[in-house]
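A quick note: this is a predicted structure, and the numbers were derived from the prediction, not measured. Lettering of chains follows the sequences in order, A, B, ..., and the numbering in each one begins at 1.
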Protein chains: 2
Amino acid sequence: MTQKELDILLQFFKTLADENRLKIIGLLSHREHSVGELAALLDLKEPTVSHHLARLKTLGLVDVRADGNNRFYRLDRAALGRLNQEIFSTERLTSWVDDIDVDAWDRKVLSDYIHDGKLKQIPTKEKKLIVILRWLITRFEPGRRYTERDVNDIIEGVYDDYAMLRRELVDFGFLARDSGGGGYWIPEDSV
Amino acid sequence: MTQKELDILLQFFKTLADENRLKIIGLLSHREHSVGELAALLDLKEPTVSHHLARLKTLGLVDVRADGNNRFYRLDRAALGRLNQEIFSTERLTSWVDDIDVDAWDRKVLSDYIHDGKLKQIPTKEKKLIVILRWLITRFEPGRRYTERDVNDIIEGVYDDYAMLRRELVDFGFLARDSGGGGYWIPEDSV
DNA sequence: GATCTATTTCGATATACTTCTAATTAGATT
DNA sequence: AATCTAATTAGAAGTATATCGAAATAGATC
């Protein structure tokens, strides 16, 4: 769903989220009314009713018909039904947020822990640690072999305790290690 | 529709009339999320998200599942569909306002033109005049005969120009007059 | 048990919106 | 043309509520 569609949806709910506007819709569902009539029925001043009607009109929910000085407003039922269908279709509901960046969480964590390209400290929470490790692993090329020294040097560029981070990378499967001294590499099924 | 039902409807729209709550629903439509995740995704602080979730929960739109310190919220799709059906059924739309007092218009006119039981002035608008006449005619008993003097006295109690009002009462059929001098009375089919 | 983490509650602030009065516009009536 | 009526527009005041920081709560971890 695009931001524009979300705005439309939002305007719809905002417009209907007022007791007097709901009552106006109810009154107009019976028959058309002038502004003065509505004001009297709802015990509001004309300008207030005028304001509410303007909002309903913006949404296309009501029509106006001028008759002398009076302006008779009536409900556009078709528009109401149309909005209903559009808004509450299942597809729409489940697609409300395609445009939200789901990596925002990752970025938040990164911005919290990384300043000027350096890791400030190692997060204790596993969920956050994984975000950091995922960021760190991008400095290694898939398919290439690294000596322990290589790995330490790369990590040290962003954090002093390279041994700790190297261990975490291995523990969480971001790096594989050959116990025979064959060095480190990114496993095929790396996260 | 009762006031209570209108309130429910109103709460529904008010709850959905917020951009971030719509986004939360969208996010939860994919999968459950913790408060912290939602806060990061929406770029809001936890208390704010907590507040939004509480409102959604009041409406029954979301469920909570506790897991350690985390609380995972998820969408109750059934509730959403249920509300949709209830809210947008045609019967409901057309019955929104049965409880609105349609005599309020009359009362408005009366309060505008009558102070302390006295008629301030005669409205020029026919619609309003009729309201006044309907009020005035209640001072006469159905089935009883009145002389012109009786009529004048009764009217003069509320307005000086009794001749004018008497004429209007007759013109609009609130009073019948016997051309032979037999006086005035309320006609059977009086409005 | 003390500490840490995620969430909620509380209190304050800032913003959006409803509602009103006053002034303006447009149409009808004299 | 002048007046009157209905409605809208403009501006102001009050109310509701979204948002945040600080404090409190509850669960997990050490």
Side-chain angles (χ1 to χ4, degrees), chain A residues 7 10-11 13-24 32-59 62-74 105 108-109 112-113 121-129, chain B residues 7 10-11 13-24 32-59 62-73 105 108-109 112-113 121-129 131:
Chain A
D7 279 346
L10 184 58
Q11 284 316 308
F13 285 125
K14 278 184 160 179
T15 302
L16 264 54
D18 179 272
E19 176 164 3
N20 285 318
R21 282 198 287 275
L22 287 185
K23 285 181 176 173
I24 286 175
E32 65 179 13
H33 284 283
S34 69
V35 177
E37 285 171 349
L38 290 172
L41 287 165
L42 298 168
D43 194 24
L44 295 172
K45 301 300 176 185
E46 277 82 358
T48 305
V49 173
S50 203
H51 165 246
H52 286 316
L53 288 169
R55 293 205 57 172
L56 291 173
K57 194 151 172 295
T58 300
L59 211 68
V62 299
D63 270 346
V64 209
R65 174 179 75 81
D67 178 20
N69 280 327
N70 296 294
R71 286 163 153 270
F72 285 94
Y73 283 82
R74 65 172 194 275
W105 156 256
K108 166 89 165 14
V109 173
D112 282 351
Y113 285 87
Q121 72 175 87
I122 297 180
T124 56
K125 269 296 166 186
E126 180 177 309
K127 219 164 33 169
K128 295 180 179 178
L129 174 59
Chain B
D7 279 347
L10 184 58
Q11 284 315 309
F13 286 124
K14 278 183 158 180
T15 302
L16 264 54
D18 179 273
E19 177 163 1
N20 285 318
R21 281 196 290 272
L22 287 185
K23 285 180 176 173
I24 287 174
E32 65 179 13
H33 284 283
S34 71
V35 177
E37 285 171 348
L38 290 172
L41 287 165
L42 297 168
D43 196 22
L44 295 172
K45 301 299 176 188
E46 277 83 357
T48 305
V49 173
S50 201
H51 162 73
H52 287 315
L53 287 169
R55 294 206 56 171
L56 291 172
K57 193 150 172 297
T58 300
L59 212 68
V62 299
D63 270 347
V64 209
R65 174 179 75 79
D67 177 21
N69 281 327
N70 295 294
R71 287 166 152 267
F72 286 94
Y73 283 83
W105 157 257
K108 163 83 162 23
V109 173
D112 282 350
Y113 284 88
Q121 73 175 84
I122 299 180
T124 56
K125 270 296 170 187
E126 182 177 308
K127 220 164 32 171
K128 295 180 179 178
L129 174 59
V131 172

Measure the distance from [atom1] on [X] to [atom2] on [N] and round it to the nearest whole Å.
| X | N | atom1 | atom2 | value |
| --- | --- | --- | --- | --- |
| B:Glu46 | D:dC20 | CD | P | 10 Å |
| B:Ile122 | D:dC4 | CD1 | C1' | 17 Å |
| A:Leu56 | C:dT18 | CG | P | 10 Å |
| B:Leu44 | C:dA6 | CG | P | 18 Å |
| B:Leu53 | D:dA18 | CG | C1' | 14 Å |
| B:Leu129 | D:dT5 | CG | P | 13 Å |
| A:His33 | D:dA7 | NE2 | P | 13 Å |
| A:Arg71 | D:dT8 | CZ | P | 5 Å |

inquiry  = Can you give me the bend angle of the helix from C:dG1-D:dC30 to C:dT30-D:dA1? Use the axis through the first five pairs and the one through the last five, nearest 10 degrees.
reply    = 20°

request  = May I ask you to say what A:Phe72 touches in the nucleic acid, namely base, sugar-phosphate or nothing, with a heavy-atom cut-off under 4.0 Å?
outcome  = nothing

ask   = Shortest non-hydrogen contact from B:Glu46 to B:Gly36?
value = OE2-CA, 4.0 Å

Any idea which of [options] is nearest the [X] side chain?
| X | options | result |
| --- | --- | --- |
| A:Lys45 | C:dC20, D:dT8, D:dA6 | C:dC20 |
| A:Asn69 | D:dT5, D:dA7, D:dC20 | D:dT5 |
| B:Pro47 | C:dT7, D:dT9, D:dG21 | D:dG21 |
| B:Ser34 | D:dA6, C:dT7, D:dA28 | C:dT7 |
| A:Val35 | D:dT8, C:dT8, C:dT19 | D:dT8 |

ask   = Under a 4.5 Å cut-off applied to non-hydrogen side-chain atoms, are A:Leu53 and A:Leu38 in contact?
value = yes

key: Min side-chain heavy-atom separation A:Leu22-B:Phe13 under 4.5 Å   = yes

task = Please check if the side chain of B:Arg21 supplies one atom and the backbone of B:Thr15 the other of a donor-acceptor pair under 3.5 Å.
result = yes

What distance do [X] atom [atom1] and [Y] atom [atom2] have between them, rounded to the nearest 0.5 Å?
| X | Y | atom1 | atom2 | result |
| --- | --- | --- | --- | --- |
| B:Ser34 | B:Phe72 | OG | CZ | 5.0 Å |
| A:Lys23 | A:Leu41 | NZ | CG | 11.0 Å |
| B:Ile24 | B:His52 | CD1 | NE2 | 6.0 Å |
| A:Leu59 | A:Lys14 | CG | NZ | 12.5 Å |
| B:Leu16 | A:Leu16 | CG | CG | 11.0 Å |

request  = Between A:Asn20 and A:Asp67, name the one whose nearest nucleotide on DNA chain C is closer to the 5' end.
outcome  = A:Asn20

Anything under 3.5 Å between a protein N or O and an N or O of nucleotides 15-17 of chain D, put it in a table, one pair a line.
residue, atom, partner, partner atom, Å
D:dT17, OP1, B:Lys14, NZ, 3.3

request  = Examine C:dT19: is either OP1 or OP2 under 4.0 Å from a nitrogen or oxygen in the side chain of A:His52? Give yes or no.
outcome  = yes

request  = Output yes when at least one side-chain N/O atom of A:Ser50 is less than 4.0 Å from OP1 or OP2 of D:dA7, else no.
outcome  = no

